[in-house]
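All chains are named by letter (A, B, ...) in the order of the sequence lines, taking the proteins before the strands, and each is independently numbered beginning at 1. Only a predicted model underlies this, so the values are computations on that prediction, with no experimental measurement involved.
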There are 2 protein chains.
Amino acid sequence: MTEKDDFALQDFLPFLLNRAAEESSLEFQGQYRDRYGMLRTEWRVLFHLGIYGSMTAKDIGVRAKIHKTKISRAVAKLTERRFVVRNRDEKDRRAEHLSLTPAGEAAYRDLQSVAKDYDAKLTSQFSDDEAETLRRLLKKLSGMEV
Amino acid sequence: MTEKDDFALQDFLPFLLNRAAEESSLEFQGQYRDRYGMLRTEWRVLFHLGIYGSMTAKDIGVRAKIHKTKISRAVAKLTERRFVVRNRDEKDRRAEHLSLTPAGEAAYRDLQSVAKDYDAKLTSQFSDDEAETLRRLLKKLSGMEV
DNA sequence: CCTTGTTAGTTACAAAATCAACTATTATCG
DNA sequence: CGATAATAGTTGATTTTGTAACTAACAAGG
């Protein structure tokens, strides 16, 4: 396992991002999986609706960069479990406005507090300044608030 | 799509990490997929062997946080394609030392230069200082160089 | 209106990831 | 020593994902 190269591919951003993302997601997954039998995409949809109140599948996909078939399936599961309701847009009958049911809201609030704690745990190893910088740079990478 | 909540789950680190990781990986995937028909895990294994010269499957898994079955299958594919050779450790006959063949080295060098360009493109939106900070914080998150 | 193109969302089928159970080998400890 | 546990890696069955093709609704130009 000897170093062999110059260009620091150890510093390759997609690799560093993937590793950190995978690790934190796996750790957090225990929470929503054990409590609600949710998958990662389902939790992500729930949390978008929890934050923004009402969005279409398309909106969620754009904002979270999740592919539409994944969202379609997640919404189907969440609807089946009565966490989400669909409301067809009367002006454009292709689109559906999604929102949380009371049960969905409850699940969201519950998981939100768990997420808060987990986030705090993750960022506890950083200074406030570092944590803020990390978030800012990640958003910039995703083309948010450029 | 109105804001409804206080706790900035939009700033939830696992979400920001996932989004950025997914986006950059998808973009970069075109390279190794079109050129060599590789999957993400195969490319990741190749790149570890390219950097470190020789590692066991276990080593790679620990360093990159990839599950062992994924690695096992990626190594099988890479071996089949004559990019990787296995050498059983004579002291501990459970372990195999993996390394690149000349063909594997060539593929690595080729993809390395593509990766270099892509990384440069990604980081071009940051100052040198920001890019360095981002890498440092991501490594810290993954428990590297604490 | 009516053809052609686009968009929101779904579905079928193929590909890949996950999980649990497995082999083979080495480590531990009475 | 010998039994039990632990580790490296593989495999099969199941679950999830990705790809492409699809439906249904709207848009724009002639």
A:Q29 CD - D:dT15 C1' separation (whole Å): 13 Å
Can you say whether the rings of A:W43 and B:F12 are parallel (under 30°), tilted (30 to 60°) or perpendicular (over 60°)? perpendicular
d(NZ, B:K58; P, D:dA8) in whole Å: 4 Å
Check every atom of C:dC19, D:dC26, D:dG18 against the side chain of A:D92 and return the nucleotide holding the closest atom. D:dC26
Between C:dA24, C:dA8, D:dG9, which nucleotide gets closest to the side-chain atoms of B:R94? C:dA24
What is the separation between atom CD1 on B:I60 and atom C1' on D:dG9, rounded to the nearest whole Å? 12 Å
Side chains of A:Y52 and A:R63: donor-acceptor distance under 3.5 Å anywhere? yes
Using a heavy-atom distance cut-off of less than 4.0 Å, which residues of residues 65-79 of chain B contact DNA chain C? B:T69, B:K70, B:R73
Donor-acceptor under 3.5 Å (A:R81 side chain, A:G37 main chain): yes
Have a look at A:R86 and say if it touches a base, only the backbone sugar-phosphate, or nothing, with a 4.0 Å heavy-atom cut-off. sugar-phosphate
Comparing B:L39 and B:K91 on DNA chain C - which has the more 5′ nearest nucleotide: B:L39
Taking 4.0 Å as the cut-off, does a side-chain nitrogen or oxygen of A:R33 come that near to OP1 or OP2 on C:dC19? yes
How long is the line joining CG of A:L98 and P of C:dG9, in whole Å? 7 Å
Value in whole Å for how far the C1' atom of D:dG9 lies from CG of B:D89: 14 Å
Atom pair distance, as rounded to whole Å: CD in A:E42 and P in D:dT15: 14 Å
Any side-chain heavy atom of A:D119 within less than 4.5 Å of one from B:P14? yes
Return the minimal non-hydrogen interatomic distance between B:R88 and B:R94, and the atom names on each side. NH1-O, 3.4 Å
Would you say the side-chain atoms of B:T123 pair up with the backbone N or O of B:F126, donor to acceptor, closer than 3.5 Å? no
Hey, are A:Y118 and A:Q31 close enough side-chain-wise for a donor-acceptor pair under 3.5 Å? no
Map B:E96 and A:R88 onto DNA chain D by nearest heavy atom, then report which one ends up closer to the 5' terminus. B:E96
